[in-house]
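Have a look at the structure below, then the notes.
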Amino acid sequence: MIHKKRSLDGATRESLDRATNGTGTDGTGTDGTGTDGTGTAGAIEARGIVKSFKARGDVLAGRTVRALRGVDFRIPPGGAASFIGESGCGKTTLGRILAGVESFDSGELVLGGVPLAGLAPRKRAPHFRRVQLIHQDPYSALNPTRTVESILRDPLALRAKQTGQSRAWIDGRAREVLDLVGLDPGYVLPRFPHQLSGGMRQRVVIARALTVDPAALVADEAVSMIDVSLRLGVLNLLRELRSTLGVSVLFITHDVATARYIGADGELYVIYRGEIVEHGPTETVLADPVHPYTQCLLSAIPVLHGVEQPGADRLAPTEPLDESQPEDGCLFAARCPFATDRCRTEHPELGHLGGTAHEHACFYPQRRSVVATPLADT
Amino acid sequence: MTAATQATTSTAAAAPPAVTIRDLTIVYRTPAGELPAVSGVDLDLPPGTITGLVGESGSGKSTLALSLLGAVQRPGRIAAGSIHVDGLGNLVELSAKSLQEARGGEIGYVFQAAQNSLNPLKTVGKQLLDLGRSHGVRDRTALVRSAKELLAGMGLDAARVLDSYQHELSGGMRQRVGIMFALVLNAHVLVLDEPTTALDMISQANVLKIVRAVHTERGLTTLLVTHDIGVVAEVAERIAVMYGGVVVEQGETADVLRAPKHPYARALINAIPRVSGDLSAARPLPGRPPTLGTIPTRGCVFRERCAVYAERQLPACVAEQPPLAPVADGSGRLVACHAVAVEDQQATGETA
Ligand SMILES: Nc1ncnc2c1ncn2[C@@H]1O[C@H](COP(=O)(O)OP(=O)(O)OP(=O)(O)O)[C@@H](O)[C@H]1O
Ligand SMILES: Nc1ncnc2c1ncn2[C@@H]1O[C@H](COP(=O)(O)OP(=O)(O)OP(=O)(O)O)[C@@H](O)[C@H]1O
Ligand code: SF4
Ligand SMILES: [Mg+2]
Ligand SMILES: [Mg+2]
């Protein structure tokens with residue numbers, strides 16, 4: 001049963017303290033290889049991340065897919081960065097790179113204040129361990145033949161060995177992480193994944209991620225397979241982990257409203273063909289998008305007729321997405337309703353909108369009202 | 001010759017058929033005995049409308065959709081009720097052979113996970129010919145022409161798509177191919193199960209636009225199954241909300257979204273985060289959706305999670321499942337809730 005979180009205690013409080021100490025200090029504090037398995041201090045930073053794949057499939061085989069073309073982002077401790085964009089734009093690739101399960105071709109990644117590019121792969125591992133990936137599918141993420149207790153025990157035992165903790169610590173910590181995710185340890189510990197609901201399973205996945213005191217969670221479509229009624233619970237949990245533990249969240253989704261819910265106080269990144277085309281405080285970008293791609297994306301969100309009215313300037317791309325569209329000018333030019341000759345020949349760089357934190361990569365930034373707004377009397 | 005084969009040769013627009021489902025119960029055999037996944041459901045699909053069927057996982061949406069195709073399979077069976085489709089009669093009483101002809105013929109469908117339901121070893125064109133053969137279509141040229149028209153109408157390069165294998169098509173293209181298969185034999189009833197799940201926003205918007213256009217152009221009666229209320233809000237004029245195998249509310253989409261009356265419908269709609277407005281207005285729904293084994297067998301299916309019951313403790317909620325009944329405001333809304341019925345009675349009592 002899901003129940004209210006009890007007070008934080010023991011090791012949980014420890015990580016809370018560390019998190020609080022870390023907040024505000026930027027980048028330099030910990031070296032991240034300490035005996036307690038690193039601190040939370042420092043923002044997560046990515047600079048100019050580039051990643052190409054050799055394309056798969058019959059049609060494209062042999063061609064190079066430029067999945068990421070120099071992506072920058074930064075998430076402060078306890079902060080949230082959401083990435084939205086069409087299918088194939090590089091969101092998952094970015095998340096996997098941050099979690100260390102995918103390599104990158106060039107660029108710099110700073111975790112816990114430590115730049116990783118200079119480190120040998122073996123030395124990178126402990127840093128990457130502190131970034132935990134939460135997948136879309138809570139059904140396949142957990143071994144069906146093992147109880148929740150056994151699922152949590154392995155990473156905790158490893159951790160106990162590294163830090164010289166006792167068996168009792170393992171048991172206590174297993175209960176703590178379940179507590180943190182709002183599950184009743186007595187109920188879930190002896191159960192198998194199939195005996196739990198999707199929402200509960202995703203909480204177990206998050207609890208497992210918490211066993212390593214992560215600095216960041218990469219949530220890749222983490223709630224899209226969970227029932228609507230249970231979704232909000234998991235989103236609230238992620239919000240809570242941000243504030244109580246100082247865990248940073250990289251949130252990847254097609255569902256803009258979900259991105260807003262988790263990171264209204266965070267940053268929103270709009271990614272197109274491996275490039276950030278618009279970025280800023282989430283509420284600003286949603287209320288006042290200036291890039292035509294963002295505007296097309298937001299226009300596609302279904303309107304709850306009867307409760308909302310559609311934005312007056314709703315628009316759609318003129319063409320479907322096609323990876324073979326030109327790359328010389330603006331990557332969106334072939335589909336953009338407003339493209340000019342300049343757009344087709346010159347590449348617009350990401351830059352600030354009139355000295356604000358709001359960035360865009362368009363020669364003709366213009367506010368358009370594309371997002372639905374609540375009808376007056378609801 | 002069957003209705004389906006004639007249909008491919010004549011494009012005469014017949015009036016869209018009405019679909020009337022009454023007291024439908026569908027059970028699955030489980031180790032714990034036969035358990036209902038759909039219980040005593042009444043549902044009307046008015047001719048020419050799109051009805052959205054929403055509900056959480058396991059609420060019985062796909063089971064209900066399958067029954068419209070006469071495709072409920074073991075361990076499931078239709079235990080009671082009727083499904084009347086204009087021009088076909090009561091599907092529950094049709095022979096296996098007539099059902100097979102109707103399916104994919106008069107009644108087109110796109111299954112849940114249609115993205116992966118194409119045969120990976122055959123081109124789309126080859127599968128089209130297979131479909132024609134299984135429905136006794138003689139005029140293969142007309143069949144291909146009709147498929148090309150549909151594909152082109154959905155913005156696809158028809159010749160290329162017919163020559164493609166599944167893995168050469170994107171998710172959105174596959175959904176469109178699914179819709180082409182559903183309609184190529186000139187169906188008049190269209191059943192779409194989760195047609196946009198797993199698509200990104202722009203592809204979803206495109207597919208929905210196509211569904212809407214094809215529906216109108218061809219004069220269809222459409223049932224669209226989804227767990228995403230936004231999808232229904234975008235394309236369906238009517239909505240039916242399912243919970244634990246029961247339809248708990250039915251009405252005009254905009255009306256229901258504006259003022260849901262059933263406590264579950266209200267809680268479900270309130271649980272959706274929005275892209276604008278007050279974020280804290282979104283509220284989680286406590287508890288979890290029931291599964292076959294945990295659907296209450298007595299009293300209201302929603303009682304355990306119901307905020308109204310928690311507050312008012314009406315004895316009727318424990319005693320029996322409330323019938324789906326019209327609400328008093330004359331809006332044509334149907335709601336299955338004791339508390340709503342009592343309020344209605346009080347209101348009409350006061351004005352009388
Ligand atoms: N292992 C790989 N080999 C070859 N190409 C790959 C590989 N992984 C990703 N790609 C390609 O890189 C691009 C970005 O893919 P990615 O999965 O990151 O997109 P995404 O934004 O997560 O899409 P979706 O919204 O569909 O999940 C796509 O063109 C994809 O086909
Ligand atoms: N072949 C089957 N055998 C036994 N039980 C089944 C079978 N198919 C479905 N069920 C059960 O019937 C109930 C209704 O299932 P159904 O697939 O109709 O739900 P749904 O509303 O379509 O859910 P989803 O949103 O997950 O697709 C569920 O509890 C499911 O477990
Ligand atoms: S009938 Fe009772 S328990 Fe069921 S939804 Fe209405 S108030 Fe709640
Ligand atoms: Mg992805
Ligand atoms: Mg289903």
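The chains referred to below are lettered A, B, ... by the order of the sequence lines, with proteins before strands, and numbering in each begins at 1. Please read these numbers as outputs of a predicted model, since none were measured by experiment.
For B/Gln204, the part lying under 4.5 angstrom from a heavy atom of chain A is the side chain only. Interface residue A/Pro317: only side-chain heavy atoms are found under 4.5 Å from chain B. Looking at A/Val256, the atoms closer than 4.5 Å to chain B (heavy atoms on both sides) sit in the backbone and in the side chain alike. If you measure heavy-atom distances from B/Arg305 to chain A, the contacts under 4.5 Å come from the side chain alone. At a 4.5 Å heavy-atom cutoff, the contact between A/Leu196 and chain B is made by backbone atoms alone.
Salt bridge B/Glu249/B/Arg333: present, at least one basic N to carboxylate O contact under 4.0 Å.
Comparing A/Leu321, A/Leu298, A/Leu304 by how many heavy-atom pairs each has under 4.5 Å with chain B, the most go to A/Leu304. When A/Asn236, A/Val228, A/Leu286 are compared by the number of non-hydrogen pairs under 4.5 Å with chain B, A/Val228 comes out ahead. For chain A, the option among B/Leu285, B/Ile202, B/Leu257, B/Ile229 with the highest count of heavy-atom pairs below 4.5 Å is B/Ile202. Considering only heavy-atom pairs separated by less than 4.5 Å from chain B, the leading option among A/Arg260, A/His254, A/Glu283, A/Glu308 is A/Arg260.
Side-chain contact check for A/Asp255 and A/Thr253: no donor-acceptor pair (N or O, by modelled atom type) lies under 3.5 Å. Under the 3.5 Å distance criterion, with hydrogens and angles disregarded, a donor-acceptor pair is assigned to the side chains of A/Tyr261 and A/Arg239.
Taking the six-membered ring for Trp and thresholds of 30 and 60 degrees, A/Tyr269 and A/His279 have nearly parallel ring planes, at less than 30 degrees apart. Ring planes of B/Tyr243 and B/Phe302: perpendicular class, angle over 60° (limits at 30 and 60°).
Taking every heavy atom of both residues into account, B/Val207 and B/Ile179 meet most closely at CG1-CD1, 4.1 Å. Nearest approach of A/Gln325 to A/Pro320, heavy atoms of both residues: NE2-O, 3.0 Å.
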